Amino acid sequence: MMDKYKIGDFAANLGVTPDLLKHYEKHNIINSEKRGEGGYRYYHLTQVPQILESKKFQKLGFKLREIENMLHHNSIDTLVDSLIEKTEALADEISDKQLVLHYAQHLCTLLRDIQNDNFDGKWYIGKIGSRYFFPHSKGYNFAPISRSVRDQLSNWINSIPVVEQCSRITFHNKKYSDLTFGLSINSEHAETLNLYVEDPVEEINESWGLIYQSSQVGGNPKEQDFINRVLERPLHVLEKHRLTPNGDILIRTLLETLDNGGKYYHRIIMIPLESE
């Protein structure tokens with residue numbers, strides 16, 4: 001005769017919780033026998049395979065109602081189709097997590113450089129990779145956008161930190177003006193995350209330019225004051241080395257930190273240059 005176990009004993013011997021067994025029973029994955037006036041639940045060992053199978057499919061991303069169908073109703077063809085769909089979803093999730101992991105590792109390196117005074121004022125001439133820029137304000141006022149575009153902006157926001165805070169300063173008639181705030185992302189990462197890249201999102205083509213690292217304490221929020229303060233040192237580098245700017249400037253805000261009661265903004269300023 002097969003032994004039967006009360007729910008607490010059965011759960012303890014299997015390494016699960018009584019609540020999990022009740023949850024599985026509620027979704028018709030397993031059944032118990034109820035005895036006595038107290039309505040105690042009893043289980044037996046023949047139910048172990050279904051419980052373990054259910055745990056396996058939960059780990060693969062299936063909901064309990066899906067698992068109930070898989071165990072009791074679905075054909076093998078349906079199971080194959082469902083598993084292929086979950087496999088593709090898991091691959092997408094892993095790809096997204098890898099981007100976040102890469103960003104977190106980059107952020108750790110950045111913080112070490114800031115700690116060691118090896119960030120602010122560093123610059124080089126190199127390739128500025130192609131990016132997308134999603135503007136959300138002109139100066140310090142939100143730009144009007146449609147409901148559908150607002151939904152796409154929400155998707156970009158939900159893709160932070162791979163999506164970064166960014167601002168653009170327009171270069172026109174050899175002057176810098178028109179500050180626009182928004183979000184920015186590497187073009188390849190935008191494709192990986194399947195982000196919206198149509199109007200009003202702008203594509204910033206790959207170019208060569210000055211990449212300048214800056215750490216600055218927050219200052220006057222007025223638009224022209226912001227432009228002058230942020231660009232003062234990188235423009236001095238251009239003037240000193242007789243380099244000619246050739247296009248709008250992107251300013252990626254990587255991190256904000258507090259030091260001695262002041263808030264510091266750590267940025268990468270990218271200025272495209274005329275080719276020689």
Side-chain angles (χ1 to χ4, degrees), residues 102-103 105-135 137-140 161-189 202-260 262-276:
H102 176 76
Y103 186 88
Q105 292 169 333
H106 170 70
L107 207 57
C108 286
T109 301
L110 170 65
L111 283 167
R112 292 191 193 99
D113 286 344
I114 293 170
Q115 278 182 320
N116 297 325
D117 294 324
N118 195 34
F119 180 82
D120 184 41
K122 303 295 182 181
W123 62 272
Y124 62 95
I125 305 296
K127 183 173 73 174
I128 299 174
S130 62
R131 304 184 68 83
Y132 287 106
F133 178 67
F134 198 142
S137 67
K138 293 290 187 181
Y140 292 95
V162 182
V163 166
E164 299 173 327
Q165 296 184 61
C166 191
S167 52
R168 183 189 62 202
I169 299 173
T170 303
F171 179 67
H172 182 65
N173 290 333
K174 298 183 179 181
K175 293 183 178 179
Y176 296 101
S177 59
D178 297 333
L179 175 65
T180 303
F181 290 104
L183 303 168
S184 179
I185 186 172
N186 173 284
S187 296
E188 291 183 4
H189 294 168
E202 303 168 18
E203 184 173 10
I204 311 297
N205 293 324
E206 180 182 292
S207 64
W208 284 87
L210 173 70
I211 295 113
Y212 190 96
Q213 300 177 172
S214 170
S215 296
Q216 283 187 314
V217 69
N220 192 323
K222 290 184 179 180
E223 183 172 333
Q224 196 59 49
D225 288 338
F226 174 89
I227 293 172
N228 293 339
R229 185 175 68 255
V230 171
L231 295 188
E232 180 181 4
R233 292 187 295 165
L235 291 184
H236 177 71
V237 170
L238 296 185
E239 182 180 352
K240 180 179 179 180
H241 294 276
R242 298 181 180 180
L243 299 170
T244 305
N246 184 36
D248 296 347
I249 296 174
L250 276 186
I251 303 168
R252 296 164 51 200
T253 300
L254 304 180
L255 193 65
E256 298 177 13
T257 60
L258 291 175
D259 189 19
N260 295 323
K263 179 177 285 188
Y264 283 80
Y265 296 86
H266 308 284
R267 304 179 174 106
I268 290 181
I269 302 166
M270 302 183 295
I271 305 177
L273 300 174
E274 285 187 358
S275 57
E276 296 181 357

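It should be emphasised that the depicted structure is a prediction, and the values quoted were computed from it without experimental measurement. Numbers for residues simply follow the sequence, beginning at 1.
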- Looking at CG of Leu111 and OG1 of Thr109, how far apart are the two atoms once the value is rounded to the nearest 0.5 Å? 9.0 Å

- Query: Looking at CD1 of Ile128 and CD1 of Ile271, how far apart are the two atoms once the value is rounded to the nearest 0.5 Å?
  - Reply: 8.0 Å

- Item | Inter-residue atom distance Leu110.CG - Gln105.CD, 0.5 Å rounding | 13.5 Å

- Query: For Leu250 and Arg168, which heavy atoms make the closest approach, and how far apart are they?
  - Reply: CD2-CB, 3.9 Å

- Compare all side-chain heavy atoms of Met270 with those of Tyr212 and state whether any distance is below 4.5 angstrom. no

- Message: Suppose the criterion is salt bridge (Lys or Arg N to Asp or Glu O under 4.0 Å): which pairs have a residue in residues 110-123, not counting sequence neighbours?
- Response: Asp120-Arg233

- Quick one: does Ile249's side chain get under 4.5 Å of Tyr176's, heavy atoms only? yes

- Task: Please examine the side chains of Thr180 and Ser167, heavy atoms only from C-beta on, and report whether any two atoms are closer than 4.5 Å.
- Result: no

- Item | Non-hydrogen side-chain atoms of Arg252 and Arg267 separated by less than 4.5 Å | no

- Residue set satisfying salt bridge (Lys or Arg N to Asp or Glu O under 4.0 Å) with Glu203, at least two apart, ordered chain then number -> none

- Heavy-atom pair with the smallest gap, counting every atom of Pro245 and Glu274: O-CG, 4.1 Å

- Task: I would like to know whether Thr253 and Cys166 meet side-chain contact (heavy atoms from CB on, under 4.5 Å); could you show each step before the answer?
- Result: CA-CA 6 Å; Thr253 300; Cys166 191; over 6 Å; no

- Do the non-hydrogen side-chain atoms of Asp178 and Ile169 ever get within less than 4.5 Å of each other? no

- Message: Parallel, tilted or perpendicular: which one describes the rings of His189 and His102, with boundaries at 30° and 60°?
- Response: perpendicular

- Note on the structure: One should read off an interatomic distance between Leu238 CG and Leu210 CG, to the nearest 0.5 angstrom, of 5.5 Å

- Message: Exactly one of Tyr140, Tyr265, Phe181 should register a ring pair (Phe, Tyr, Trp, His ring centres under 6.0 Å) with Phe226. Which one does?
- Response: Phe181

- Item | Distance-only donor-acceptor check, side chains Ser184 and Arg131, under 3.5 Å | yes

- With a 3.5 Å cut-off and no angle check, do the side chains of His266 and Thr257 form a donor-acceptor pair? yes

- Working for side-chain contact (heavy atoms from CB on, under 4.5 Å), residues Ser214 and Ile269: CA-CA 7 Å; Ser214 170; Ile269 302 166; 4.0 Å; yes

- Leu243 and Ile125, any side-chain heavy atoms less than 4.5 Å apart: yes

- Query: Given side chains that start at C-beta, do those of Glu256 and Gln165 come closer than 4.5 Å, heavy atoms only?
  - Reply: yes

- Note on the structure: The reported gap from CG in Leu254 to CD1 in Ile268 (rounded to nearest 0.5 angstrom) is 4.5 Å

- Any Leu179 side-chain heavy atom under 4.5 Å of Ile227 side chain: yes

- Spell out, as yes or no, whether a donor-acceptor pair under 3.5 Å connects the side chain of Ser187 to the backbone of Ser130. yes

- Message: Quick check against the 3.5 Å criterion: does Gln213 have a side-chain atom that pairs as donor or acceptor with the backbone of Phe119?
- Response: yes

- Item | Any donor-acceptor pair under 3.5 Å from Asn186 side chain to Glu188 backbone | yes

- Any chance you could measure His241, atom NE2, to Leu273, atom CG, to the nearest 0.5 Å? 11.5 Å

